[in-house]
There are 2 protein chains.
Amino acid sequence: MPDPTEFDLERFLPYLLNQAAEATSKSFQATYKAAYGMTRTQWRVLANLGKFGAMTARDICAITHVEKTKVSRAVSTLEENGLLSRATSPLDRRAEILSLTDRGREVFADLGQKAIDYDRALRARIGPKIAAQLDERLRRIIARAGADGDGD
Amino acid sequence: MPDPTEFDLERFLPYLLNQAAEATSKSFQATYKAAYGMTRTQWRVLANLGKFGAMTARDICAITHVEKTKVSRAVSTLEENGLLSRATSPLDRRAEILSLTDRGREVFADLGQKAIDYDRALRARIGPKIAAQLDERLRRIIARAGADGDGD
DNA sequence: TTGACTTGGTTGCGAATGCAACTGATACTG
DNA sequence: CAGTATCAGTTGCATTCGCAACCAAGTCAA
């Protein structure tokens, strides 16, 4: 039994989560980076547009909890690379409706498939049942970690 | 039942892990940032030296899986701020043995206590039993995610 | 010993990040 | 309407990151 008054990084939940996130993200990052020179944020924006269809940058921020400047720049780059296009919203001329181009959908399909494969392999390695439980617990954390006192 | 051929970010384990890690790290980050202007890497280096005692930068890299340049810079800053000191190893004059100063130990004690409190509150919120299971699963992922094919 | 190779750690530099300040459009309030 | 507050998104700037190239010390083999 460890001394409960001394801090142990290895038992610190944020640390464990970070380690696990790093470990799993890193190798998949290599995939979209090598294939399309994309950054993590760009990949996320693409994935969200791919899944949910056209939406505004603000919506993406709300869904992903990513800073708006980060999203803004990711959108610019994706547009430059011809993966998405913007259209001013007719309802609100401040907002821009983002949607994937044909090329963007192609890329999404390709990376999406690779992500599915990667995820399957990962779950197989840690055990499917455990992986399923893990999903639930992570969702719970995401929902409750910053529930009060943290707006970001 | 979702279409298994279409990719869904919300079921992508690396994504979930990232979200959870972000959510839990962010608010604690505010603590060490506000109190000592420390960065995450600096905090980790401090925490490892605090827990394991004097060791070399290389060892820290091995334990934490953090890039060596990141560690190198964190060490420099911690030294500038008087939290750790370096001594050339008598066995290998390339290596430097890092150890916390008295001040460093003070800071570690303070932040360590805050981390314990934070962790406790977090676990209470998500449920202690679930938190305990989570630990195990995360360790499993960390151990197996990059087990083969990924050296970093 | 000498010369080729590895290793601990640092540095340079371009890219990514975070935060605050800003622009233009919209919504509230009287 | 006028005046103010709010909101979508961008930009500037200082900090951090990641990778490759680099230095100095150590190892190995002949």
Side-chain angles (χ1 to χ4, degrees), chain A residues 18 21-22 25-30 32-34 36-45 48-49 54-81 84-99 150-152, chain B residues 18 21-22 25-27 29-30 32-34 36-45 49 54-81 84-99 150-152:
Chain A
N18 255 303
E22 283 289 303
S25 297
K26 212 65 194 278
S27 39
F28 187 65
Q29 178 178 34
Y32 52 72
K33 192 173 175 186
Y36 304 102
M38 279 174 40
T39 189
R40 185 137 86 207
T41 309
Q42 283 165 242
W43 152 241
R44 279 199 191 176
V45 168
N48 275 286
L49 287 174
M55 67 202 295
T56 177
R58 201 203 149 278
D59 297 333
I60 295 180
C61 290
I63 295 175
T64 62
H65 302 120
V66 174
E67 295 276 312
K68 62 181 182 169
T69 71
K70 227 165 141 184
V71 170
S72 172
R73 294 193 240 248
V75 166
S76 297
T77 308
L78 288 172
E79 190 193 24
E80 279 166 29
N81 296 352
L84 69 73
S85 61
R86 316 159 122 154
T88 312
S89 164
L91 299 146
D92 184 342
R93 272 182 301 176
R94 286 172 304 184
E96 289 185 323
I97 298 179
L98 310 169
S99 48
D150 186 354
D152 182 17
Chain B
N18 256 302
E22 283 290 303
S25 297
K26 214 62 194 280
S27 38
Q29 179 178 33
Y32 51 73
K33 192 173 176 187
Y36 303 101
M38 280 175 40
T39 188
R40 185 137 85 207
T41 308
Q42 283 166 242
W43 153 240
R44 281 199 191 176
V45 169
L49 287 174
M55 66 202 297
T56 177
R58 201 203 150 279
D59 297 332
I60 295 180
C61 290
I63 294 176
T64 62
H65 302 121
V66 174
E67 295 277 312
K68 62 180 183 171
T69 69
K70 227 165 140 183
V71 170
S72 171
R73 294 193 240 247
V75 166
S76 298
T77 308
L78 288 171
E79 190 194 23
E80 279 166 29
N81 297 352
L84 70 74
S85 63
R86 315 158 121 153
T88 312
S89 164
L91 299 147
D92 183 341
R93 271 183 302 177
R94 287 172 302 184
E96 289 184 323
I97 298 181
L98 310 169
S99 48
D150 185 355
D152 182 18

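Please read all numbers here as calculations on a predicted model, not as lab measurements. So you know, we letter chains A, B, ... as the sequences are listed, proteins then strands, and number each from 1.
For B/Glu80 and D/dT15, the CD to P distance is 13 Å, given to the nearest whole Å. Atom NZ of A/Lys26 is separated from atom P of D/dC17 by 12 Å (rounded to the nearest Å). When rounded to the nearest whole Å, the span between CE of A/Met38 and P of D/dG18 equals 18 Å. When the P atom of C/dA15 is taken as reference, atom CD of A/Gln29 falls 16 Å away, rounded to whole Å. In this structure, A/Arg44 atom CZ and C/dT17 atom C1' are separated by 14 Å, rounded to whole Å. Put simply, CZ on A/Arg40 is 13 Å from C1' on D/dG18, counting in whole angstrom units. In this structure, the CD atom of B/Glu67 is 15 Å from the P atom of C/dT10, given to the nearest Å.
Using a 4.5 Å heavy-atom cutoff, the side chains of A/Asn81 and A/Glu79 are not in contact. Looking only at side-chain heavy atoms (C-beta outward), A/Met55 and A/Ile63 come within less than 4.5 Å of each other.
When only modelled atom types and interatomic distance are considered, A/Asn48 and A/Thr64 share no side-chain donor-acceptor pair under 3.5 Å.
Each of B/Thr41, B/Leu49, B/Val66 was evaluated against B/Ile60; a single residue qualifies, B/Leu49, per the side-chain contact (heavy atoms from CB on, under 4.5 Å) test.
To the nearest 0.5 angstrom, A/Phe28 atom CZ is 4.5 Å from A/Trp43 atom CH2.
Of the two residues contacting DNA chain D, namely A/Lys33 and B/Leu91, the nearest-nucleotide position lying further toward the 5' end is that of A/Lys33.
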- Check the pair A/Asn18 / B/Ser25 against side chain to side chain contact (heavy atoms under 4.5 Å, CB included), numbers first and verdict last. CA-CA 8 Å; A/Asn18 255 303; B/Ser25 297; 2.6 Å; yes

- Under 4.0 Å protein heavy-atom contacts per nucleotide of nucleotides 3-10 of chain D, with B for base, S for backbone only and - for none: ----BSBB

